Amino acid sequence: MSQVFVLDHPMIQHKLTYIRSEETGPKEFRELVEEVAMLMAYEVTRDLPLEDVVVKTPVGEAKCKVISGRKVAFVPILRAGLGMVGGMLKLIPAAKVGHIGLYRDPETLEPVEYYCKLPTDLTERELIVIDPMLATGGSAAAAIRFLKERGVKNIKLTCLIAAPEGIKRVQDEHPDVNIYVAAVDEKLNDHGYIVPGLGDAGDRLFGTK
Ligand code: PRP
Ligand code: URA
């Protein structure tokens, strides 16, 4: 069974409060989502392997560490996942970025794929799938399935807010994928929205309705 990490760092929780508030407009919402994403990337990459190196300082030789092995790629789920990419790239500027376009059919709530463009060296990388909302889990589970079909083995999922239903679906379908969230909320409403959540992440990021 995969693990769920709730990132309870005070700065993440503080910013998430203002992201949730209906009084926060698109400009501030975008800025806060980016800032939280950067802080989350810091936690999500905590287990990256290190190797020893020696560097010469102006005063002597220092035994240091650098990240070794697999490199990272981010895969935002369009469109709301885009809001988190800039923040994550601030922490890992050399990461590659793939995109998967999915929208939820408003009737069935099942994901419909409309776009996919991924880095060619995907299988050599650790992939961090990004989406602010894990509601029914349909979109995230489909995106991960899609990446696995292309040979990717090392995947993590990072979301701002998750519903218990979404966590369960991803864990059932992908027991090898650890999930990183800033909050686990109470439930889904009849329209598949997370309660209390933050509303429609894509609309709030991009000022649409
Ligand atoms: C939202 C959100 C997730 C999905 C979560 O996207 O960004 O991708 O819903 O719901 P699920 O867990 O039930 O699949 P939406 O489909 O509204 O598309 P958008 O990002 O283009 O607004
Ligand atoms: N998608 C959103 O943007 N918000 C939700 O609460 C659920 C799905």
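Along the sequence shown, the residues carry numbers beginning at 1. Because only heavy atoms are used, hydrogens play no part in the values below, and waters and symmetry mates are left out as well, while side chains stay in. Just so it is clear, the structure is predicted and the values come from calculations on it, not from any experiment. When a ligand or atom number is given, it counts from 1 through the structure's own listing order.
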Where is the tightest heavy-atom contact between [X] and [Y], given as atom of each residue plus distance?
X	Y	result
Leu16	Ala183	CD2-CB, 3.7 Å
Lys156	Val44	NZ-O, 2.7 Å
Leu109	His191	CD2-O, 3.7 Å

Considering only heavy atoms, does Ala135 approach ligand 2 within less than 4.0 Å through its side chain, its backbone, both, or neither? side chain
Taking distance alone, with N or O pairs closer than 3.5 Å, would you say [X] contacts ligand 1?
X	value
Arg79	yes
Pro132	no
Ala80	yes
Asp131	yes
Gly137	yes

With no hydrogens and no angle check, just 3.5 Å: does a side-chain donor-acceptor pair link Thr24 and Arg30? no
State whether a side-chain donor-acceptor pair under 3.5 Å links Asn178 with Ser2. no
Among His191, Arg204, Met133, which residue places a heavy atom closest to atom 2 (C) of ligand 2? Met133
Considering only protein heavy atoms, which is closest to [atom], and at what distance to one decimal place?
atom	value
atom 6 (O) of ligand 2	Ile194 N, 2.8 Å
atom 16 (O) of ligand 1	Arg104 N, 2.9 Å
atom 18 (O) of ligand 1	Leu102 O, 4.2 Å
atom 3 (O) of ligand 2	Ala201 N, 2.8 Å
atom 5 (C) of ligand 2	Tyr193 CD2, 3.3 Å
atom 8 (C) of ligand 2	Arg104 NH2, 3.5 Å

Would you kindly specify which portion of Ser139 sits under 4.0 Å from ligand 1, judged on non-hydrogen atoms: side chain, backbone, both or neither? both
Under 4.0 Å, heavy atoms only, figure out whether ligand 1 is touched by the backbone of Thr136, its side chain, both or neither. both
Atom indices of ligand 1, in the order listed, that fall short of 4.0 Å to a heavy atom of Met133: 3 (C), 5 (C)
Need the ligand 1 atom indices (1-based, order shown) with element for anything under 4.0 Å from a heavy-atom of Tyr103. 16 (O)
Ligand 2 and Gly199, any nitrogen or oxygen pair closer than 3.5 angstrom? yes
Applying side chain to side chain contact (heavy atoms under 4.5 Å, CB included), can you list everything that pairs with Ala201, at least two apart in sequence or on another chain? Ala80, Pro132, Met133, Leu198
Would you say Gly192 contacts ligand 2, with heavy atoms under 4.0 Å as the rule? yes
